[in-house]
Amino acid sequence: MKRFFTLLVFCNFLYAIPFFSRKYNLSCVECHISYPKLSYFGEIVRENLYLPPNTNPRIQTLDAKGDRKAYIQRDIPLSGRFRTLMGLISSEGKFKGYTSSYVTVYSSTNLSGNSSFFLSVEAWKDSLLVRYATLNVNLPLGSNLKFGKTDLSEFFFRRSQRMAYWDILPYDFAELYGTGMSLRLSQYMWFGILDIERNRFFARAGYNSKFISFGIYTVPYGEFKAETSYVLGHRHGFDLRFRFGPFDLITSAILGFNQKLGEFKFDEPSFIAGYSSLDLTFGYNFFVSVLYNYIGSRYEEYQRKYHMSLITFTVGHHPLRNLKVGFEVGYNTAKKYPSEGTYGGLTLDWAF
């Protein structure tokens with residue numbers, strides 16, 4: 001019965017937000033196999049609002065002069081995540097010291113028994129990016145509406161789960177984020193406007209079970225600009241996942257075309273971005289991961305700069321439930337050793 005008191009999080013992806021653990025006095029392992037990786041149960045509960053099932057949201061609020069209708073959070077609804085990579089990386093044929101760090105702040109709250117808000121802001125160096133800012137409304141028959149800025153890339157590359165160098169490249173090439181609205185019938189039945197400004201529509205269909213999941217999606221229309229042709233145009237992709245015991249095997253690919261619908265001529269700028277990963281989790285404390293990232297572009301400018309075939313091996317340990325410490329080594333096979341992007345270093349991932 002303890003599982004039924006697990007927090008319910010409605011957003012594209014369930015991030016490790018200790019605020020919910022504190023609010024409902026729950027352990028992180030209720031929804032996570034190994035932070036931040038979700039269990040199958042965690043994947044199911046992420047589809048709902050930020051409330052345990054069969055819980056009146058009014059009970060989780062402060063009394064305002066005896067008025068239980070006031071939706072006032074009992075605790076400050078903020079949590080964060082700090083990630084850093086410290087080591088050596090090959091740049092211009094030489095290994096150099098390298099450090100990459102960034103902080104993500106999350107905020108979420110129930111606006112009513114049928115609506116919630118989710119915000120995710122990333123900060124690194126001198127940059128600040130709002131990744132999510134969504135209003136979520138539950139509808140009958142298990143469906144819901146989402147309004148605001150969202151990011152579909154996590155369906156395919158799941159960057160929130162790892163901290164590999166250049167792991168962001170396939171993520172950025174896909175460019176599946178924007179401000180729009182969507183109707184979600186279930187986790188794998190979803191369609192809407194991905195980006196209103198650029199008139200980009202999308203649709204997704206698939207299946208998810210305890211041992212296997214798969215999905216396909218399409219963004220059939222997008223504005224074309226020659227100077228940024230590698231990120232605009234049509235997007236079509238798939239993802240496939242097998243999981244059993246300690247094994248979790250995921251593979252996905254995104255194909256980008258810049259032609260009009262139906263005119264897929266490969267002599268025009270196009271690209272393919274994808275990744276495959278095999279994660280092995282032993283209990284909650286130890287993990288081993290093998291990750292393969294690939295970027296291939298037919299656009300000459302980006303062939304030289306971004307062509308990548310990076311194999312990453314990671315071993316790690318959880319000294320605390322919300323802290324992951326690992327050692328990563330990655331080798332970019334796309335160029336002669338020591339190629340651009342070959343690296344090794346210590347990673348820290350802390351949720352607070």
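Since this is a predicted model, take the numbers as computed values, not measurements. Values below: all heavy atoms of this structure, side chains included; hydrogens, waters and symmetry mates excluded.
- Hydrophobic clustering (side-chain heavy atoms under 4.5 Å, transitive across Ile, Leu, Val, Met, Phe, Trp, Tyr) groups Phe313 together with Leu280.
- Summarising the geometry, atom CZ belonging to Arg243 is positioned 12.5 Å from atom OG1 belonging to Thr281; distances are rounded to the nearest 0.5 Å.
- A chain of hydrophobic side-chain contacts below 4.5 Å, direct or via other Ile, Leu, Val, Met, Phe, Trp or Tyr residues, connects Val288 to Phe244.
- Inter-residue side-chain proximity for Leu176 and Val219 is flagged as met; some heavy-atom pair is nearer than 4.5 Å.
- At most 12 heavy atoms of other shown residues, nucleotides or ligands fall within 6.0 angstrom of atom NZ in Lys125.
- Between Ser277 and Leu291 the shortest heavy-atom distance is CB-CD1, 3.8 Å.
- Taking the side chain as every heavy atom from C-beta outward, Asn136 and Asn144 never approach each other to under 4.5 Å.
- Between the side chains of Thr342 and Asn332, no donor N or O sits under 3.5 Å from an acceptor N or O.
- Residues Trp350 and Thr84 are not in side-chain contact: their nearest non-hydrogen atoms beyond the backbone lie 4.5 Å or more apart.
- Evaluated for a side chain to side chain donor-acceptor pair (under 3.5 Å) with Arg81, the options Asp349, Asn322, Thr104 yield exactly one hit, Asp349.
- Ring orientation note: the planes of Trp124 and Tyr102 are nearly perpendicular, at an angle over 60° on the 30°/60° scale.
- The distance from the CG atom of Leu88 to the OH atom of Tyr98 is 12.5 Å, given to the nearest 0.5 Å.
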List the steps and the verdict of side-chain contact (heavy atoms from CB on, under 4.5 Å) for Met86 and Leu348. CA-CA 9 Å; Met86 300 170 288; Leu348 299 176; 4.1 Å; yes
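- Minimum heavy-atom separation, Gly345 to Phe327: O-CD1, 3.3 Å.
- Val130 has its side chain within reach of Leu119: a pair of non-hydrogen atoms, C-beta onward, lies under 4.5 Å apart.
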side-chain contact (heavy atoms from CB on, under 4.5 Å), that's the test. Do Tyr343 and Leu85 meet it? Break it down for me. CA-CA 10 Å; Tyr343 78 102; Leu85 166 66; 4.1 Å; yes
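- Thr218 pairs in a side chain to side chain donor-acceptor pair (under 3.5 Å) with only one of the listed residues (His236, Arg204, His234), which is His236.
- In this structure, His317 contributes its side chain and Val325 its backbone to no donor-acceptor pair below 3.5 Å.
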Under the side-chain contact (heavy atoms from CB on, under 4.5 Å) rule, what do Arg235 and Ile254 come out as? Steps first, then yes or no, please. CA-CA 7 Å; Arg235 299 287 184 272; Ile254 302 292; 4.1 Å; yes
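- No donor-acceptor distance shorter than 3.5 angstrom exists from the side chain of Thr251 to the backbone of Leu240, with no hydrogens or angles considered.
- One finds the CZ atom of Arg200 at 5.5 Å from the CG atom of Leu194 (value rounded to the nearest 0.5 Å).
- Rounding to the nearest 0.5 angstrom, the gap separating the CZ atom in Phe147 from the CD1 atom in Ile193 is 10.5 Å.
- Considering every non-hydrogen atom in both Met189 and Gly206, the closest pair reads SD-N, 4.4 Å.
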So Asp239 and Ile250, side-chain contact (heavy atoms from CB on, under 4.5 Å) or not? Walk me through it. CA-CA 7 Å; Asp239 61 280; Ile250 304 174; 5.6 Å; no
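- Each of Tyr177, Phe118, Phe117 was compared with Tyr132 under the ring-ring contact (aromatic ring centres under 6.0 Å, His included) criterion, and only Phe118 meets it.
- Across all non-hydrogen atoms, the minimal contact from Tyr106 to Ser120 is CE2-OG, 3.6 Å.
- With rounding to the nearest 0.5 angstrom, the CG atom of Asp195 is 11.0 Å from the CZ atom of Phe201.
- Looking at every heavy atom in both residues, Ser90 comes nearest to Phe95 through N-CD2, 3.7 Å.
- Residues Leu255 and Tyr292 fall within the same hydrophobic cluster, defined by Ile, Leu, Val, Met, Phe, Trp and Tyr side chains chained together at heavy-atom separations under 4.5 Å.
- Distance check: Ser143 OG to Arg184 CZ gives 11.5 Å after rounding to the nearest 0.5 Å.
- Clustering ILVMFWY residues whenever any of their side-chain heavy atoms sit less than 4.5 angstrom apart, transitively, puts Leu185 in a cluster other than the one holding Ile216.
- Nearest heavy atoms, Lys149 versus Thr134: O-CG2, 3.0 Å.
- Phe82 and Leu323 fall within the same hydrophobic cluster, where Ile, Leu, Val, Met, Phe, Trp and Tyr residues are linked whenever their side-chain heavy atoms come under 4.5 Å apart, directly or through other members.
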